[in-house]
Each structure stands twice: as structure tokens, then as C-alpha cells.
Amino acid sequence: MKIQVPVQKNQKYDVEVTDLTYQGLGVAKIDDFPIFIEDALPTELVTILVTKVKKNFAFGKALKINQQSKDRVKPIDGAYTQTGIAPLQHLAYPAQLEFKRHQILNDFNKMKLDVEVSPTIGMDKPYHYRNKAQIPVRMLNGRLQTGFYRKHSHDLVPIEDFYIQDPEIDKAVVIVRDILRKFQITPYDEQTHRGVIRNIMVRRGHYSHEMMIVLITKSKKLPSEAEIISETVNQLPEVKSIVQNINPKNTNSLMGNQNKVLWGKGTITDQLMGLDFEISPNSFYQVNPIQTEKLYKLAIQKAQLNKDDIVIDAYCGIGTISLSLAKVVKKVYGVEIVPEAIEDAKRNAHINKISNCKFVVAKAEEQLGKWQKAGLKPDVIVVDPPRKGLDESLIESVAEMSLQRLIYVSCNPATLARDAKLFAEHGYQINQPIQPVDQFPQTVHVESVTVFEKSR
Ligand code: SAH
């Protein structure tokens with residue numbers, strides 16, 4: 001049956017927005033045909049221009065908002081809105097938190113699973129939270145600029161105030177930009193694949209205030225290296241490490257494999273959960289320290305650990321969760337796929353004088369099977385997988401181990417709900433409300449903690 005498409009490209013329509021997608025687009029329907037609209041919120045009456053028509057849906061642009069949502073707030077500034085940095089910035093923060101809670105409920109409903117979801121734990125100040133920035137450097141009208149990409153493109157929009165980043169990081173980016181300008185360093189050009197500097201990465205310890213500057217270059221050579229280093233160190237006293245990362249490839253991937261320490265240490269140290277963590281340029285480290293501590297405390301509390309417990313931390317990264325709970329249990333086994341992260345984890349155990357953790361480089365799904373076959377009997381398993389969620393074989397291995405509970409830290413409710421369905425088939429249920437914690441205010445990312453227990 002051919003579906004009648006009730007809208008046409010480049011035509012205007014008056015619509016009522018009834019929903020918000022997981023990407024933060026407003027949804028309106030004409031004769032049941034969905035249209036996705038940027039910068040439009042539920043309850044709003046909007047005049048739209050249809051920009052793209054597909055078989056089962058269309059995209060539109062809001063030309064005029066005829067009736068505003070009570071949850072609409074003034075966006076930060078025009079240039080900023082053109083980027084994808086803060087796609088929910090036009091939605092009031094309490095509504096953002098409710099949007100995230102609702103997202104989880106929606107995804108579980110789709111799986112026909114009945115769960116409760118607690119109100120999202122938010123931030124008192126839902127901005128200036130990121131401890132890390134990755135800033136593209138490009139030539140614009142003959143001038144080296146830093147900023148961010150315009151939505152759906154690789155055109156740079158110059159930005160100095162990134163709003164969701166630590167303001168000290170914003171200041172550092174501007175200072176480094178001006179130093180690069182002064183020494184006439186050529187920015188990378190994606191079209192010709194020429195130029196020197198591709199990106200500036202800055203990390204700043206939330207507690208330690210130690211700063212790391214990574215200059216990501218296309219070329220091996222950084223002209224005026226000595227001058228750039230001395231000006232950076234003079235102007236930014238918090239800098240403890242300057243690293244050049246060489247990425248000669250013609251790809252979208254940000255960092256290359258080669259790091260050259262130009263000045264100071266090759267790492268910075270920060271504290272999390274009262275522990276010291278050394279962080280190297282390529283390692284994953286949670287970007288919102290305030291909310292991460294809330295998330296970890298909650299995960300640990302929900303794990304109801306005893307001093308004789310054996311715990312597996314799957315997808316352990318640099319060991320932040322493993323080391324946070326090592327003190328209160330007998331033994332922790334961590335598994336992670338990135339070798340450098342496991343090196344960091346081992347070093348971090350040593351720095352914190354923790355000796356009851358064992359870290360393994362492997363795919364979590366394979367290692368859990370090995371541990372299960374070797375007769376390892378964990379009391380609790382914590383999983384913190386990337387967006388794609390758990391491998392089915394991991395869930396099967398877990399089902400073979402008779403644990404008390406599994407704590408699932410999720411950054412994607414769709415895969416969480418999919419995995420919950422499989423857990424249910426293996427007799428693991430959710431008996432308490434899922435707890436969302438807002439790790440990424442102003443964005444559409446939804447992080448949560450769920451407890452799975454074997455039904456008796
Ligand atoms: N728990 C850590 C890291 C979470 S991010 C923290 O809170 O800091 C998810 C981690 O899973 C990343 O470090 C990534 O490298 C790792 N990873 C991705 N796929 C994996 C797999 N199949 N097996 C093990 N680790 C994996």
C-alpha cells in the first residue's frame with residue numbers, strides 16, 4: 001500500500017508540536033505523518049517550512065512560533081545555537097530533567113517492560129561543567145579561528161564562550177588561539193588536507209586545577225615550538241602538561257596514535273571519590289566530575305556491598321569505579337578493551353595503594369565467559385558499557401553466574417531497555433526504580449543506574 005505523503009518540500013504549514021525526539025527535535029503530525037522540527041517544543045503552535053520529505057517522515061524548520069511552550073527559555077546566543085553543542089538549551093532545566101526521565105520510560109514501554117523511573121538527579125548549576133574540551137582550529141576569512149562546527153556540517157562557527165565547559169578551559173583556548181595566531185601557525189584545511197594545527201584539546205582537573213593542553217597536529221613538526229611552549233606556560237600557570245598529538249590521517253577521528261610530550265608531565269592528576277587519578281591524553285575520563293561522583297555513590301550504594309564480596313567491573317576504563325569500591329570489598333576484577341586505559345588503571349591502583357584489584361585487557365563479553373567457565377563467583381557485577389550496550393553473550397554468561405545483583409550504568413536508554421528484556425528472559429528483574437543522573441545538561445544524553453536482581 002502506498003502511503004499518502006501529506007506534505008510537500010518548501011511549503012509552509014501551521015502545526016502543533018506534540019512530542020520531542022531523543023535527539024531533541026520537536027514532532028508534529030499532519031494526518032499521522034510525522035514531521036521533525038528543530039528548535040520546537042511540545043505544546044507549541046508553529047509555522048514551519050518543510051525542508052526535506054522522506055517516505056515515512058519529513059523535516060521542517062520553525063519559521064515562527066505562534067504560541068510558546070511555558071518551558072521555553074532564551075537560548076544563549078545566535079552563533080552558539082548554530083552548533084550542536086547544546087541542543088536542549090532552549091528547554092528550561094527542570095523540563096530537560098523530565099525529558100530524560102521520560103525517555104527511559106518510553107524506551108521500556110517500547111519493549112513492553114513495566115518499570116518505575118525516579119526523577120532525574122540534576123545539577124544546581126547546569127552549565128560550565130565539562131572538564132574537557134576538543135576544539136577544532138580552522139582558517140576563516142584569512143584568520144585562525146577556534147569554535148565549533150555548525151550543525152550537520154564541518155563549517156566552523158567561531159565561539160569563545162562554550163557555556164557548558166569549565167570557564168578556565170574557555171579562557172585557555174582563547175589564549176592558545178592567540179599564541180597560534182602570533183606565530184602564524186597554519187590551521188588544518190579539510191579540503192586540501194594541508195596545514196599544521198587541527199584541534200586543541202584541554203583538560204582541567206576539577207579539584208586539582210591541573211591543566212593539560214594537547215595540540216593535535218597534522219604535521220610532525222610544530223613550527224615555533226619553543227616559543228609556543230614558553231608563551232603558553234607564562235600565560236597559563238595552571239598548565240602542568242603540554243602534549244603534541246600527531247594525527248596525519250585524512251579522517252574524522254580526532255586524535256592520532258602518536259603523543260609527544262612537549263613540556264612538563266605526560267599526564268595530569270585529578271581527584272574523584274577522594275582518590276587520585278592520573279589521566280593520559282587518550283584515556284576516557286568522565287567529563288562531568290560533580291555528577292560522576294553522584295552517579296558512582298549511587299551505584300555503590302545500590303550494590304549493597306559487603307567486605308567479603310567479589311565484584312566484577314566490566315568496561316572499567318581507567319578503573320574509576322573499580323578503585324572507588326575496592327575499599328569496601330574483598331576483590332575487584334576489572335575488564336576493559338583499551339590497553340592504555342588498563343595501564344592507567346593499574347598505575348592508579350598503585351598510586352592509591354589499592355592491592356585487591358585485578359585488571360585485564362579484553363572484550364568484556366569474552367572475559368566474562370572465561371571467568372564464568374573458570375568458576376569465578378562474583379557477588380555483584382557492575383557494567384558501564386558504551387552506547388551500543390551489552391553483547392548478548394555477556395548477558396548469557398551473567399545468567400550462568402549466580403550473583404546477587406548487577407548494577408547497570410547506562411548512557412543509552414534504548415540499549416538498556418533492549419538488554420533488560422534479555423535479562424528478564426534469564427530471570428533477572430528490576431525491582432526498584434531506575435535512577436537517571438544528568439551527566440550532560442543542555443544535551444540529549446541520558447545516563448542512568450539500574451539494579452537487576454535474580455527473581456526468587
Ligand atoms: N567505567 C569507566 C568507563 C566507562 S566508558 C568510567 O566510568 O570511567 C566505557 C568503556 O568501555 C570505555 O573505556 C571503552 O573503551 C570500553 N569498551 C568499549 N567496548 C568494550 C568491550 N567490548 N569490552 C570491554 N570494554 C569496552
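Just so you know, ligand 1 is whichever comes first in the structure, and atom 1 is the first atom listed for that ligand. In this chain, residues are counted from 1 in sequence order.
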Less than 4.0 angstrom from a charged side-chain N to a carboxylate O is my criterion; do K346 and E343 meet it?
no
Hey, would you say the H193 and Y188 ring centroids sit under 6.0 Å apart?
yes
Inspect the contact between R203 and D166 and indicate whether a charged nitrogen and a carboxylate oxygen are less than 4.0 angstrom apart.
no
When you check ligand 1 against the protein, what N or O pairs turn up below 3.5 Å? List the atom names and distances, or just say none.
| from | atom 1 | to | atom 2 | distance (Å) |
| --- | --- | --- | --- | --- |
| ligand 1 | 1 (N) | Y315 | O | 3.1 |
| ligand 1 | 1 (N) | D384 | OD2 | 2.9 |
| ligand 1 | 7 (O) | Q286 | NE2 | 2.7 |
| ligand 1 | 7 (O) | Y296 | OH | 2.4 |
| ligand 1 | 7 (O) | D384 | OD2 | 3.1 |
| ligand 1 | 8 (O) | Y296 | OH | 3.4 |
| ligand 1 | 8 (O) | T320 | OG1 | 3.1 |
| ligand 1 | 13 (O) | E336 | OE1 | 2.8 |
| ligand 1 | 13 (O) | E336 | OE2 | 3.3 |
| ligand 1 | 15 (O) | E336 | OE2 | 2.7 |
| ligand 1 | 22 (N) | E365 | OE1 | 3.3 |
| ligand 1 | 23 (N) | A364 | N | 2.8 |
| ligand 1 | 25 (N) | I337 | N | 3.2 |

Inspect the contact between E278 and R347 and indicate whether a charged nitrogen and a carboxylate oxygen are less than 4.0 angstrom apart.
yes
Quick one about T217 and Q244 (side-chain donor to acceptor, distance below 3.5 Å, no hydrogens or angles considered), yes or no?
yes
Measure the spacing between CG of N306 and NZ of K330 and express it to the nearest 0.5 Å.
12.0 Å
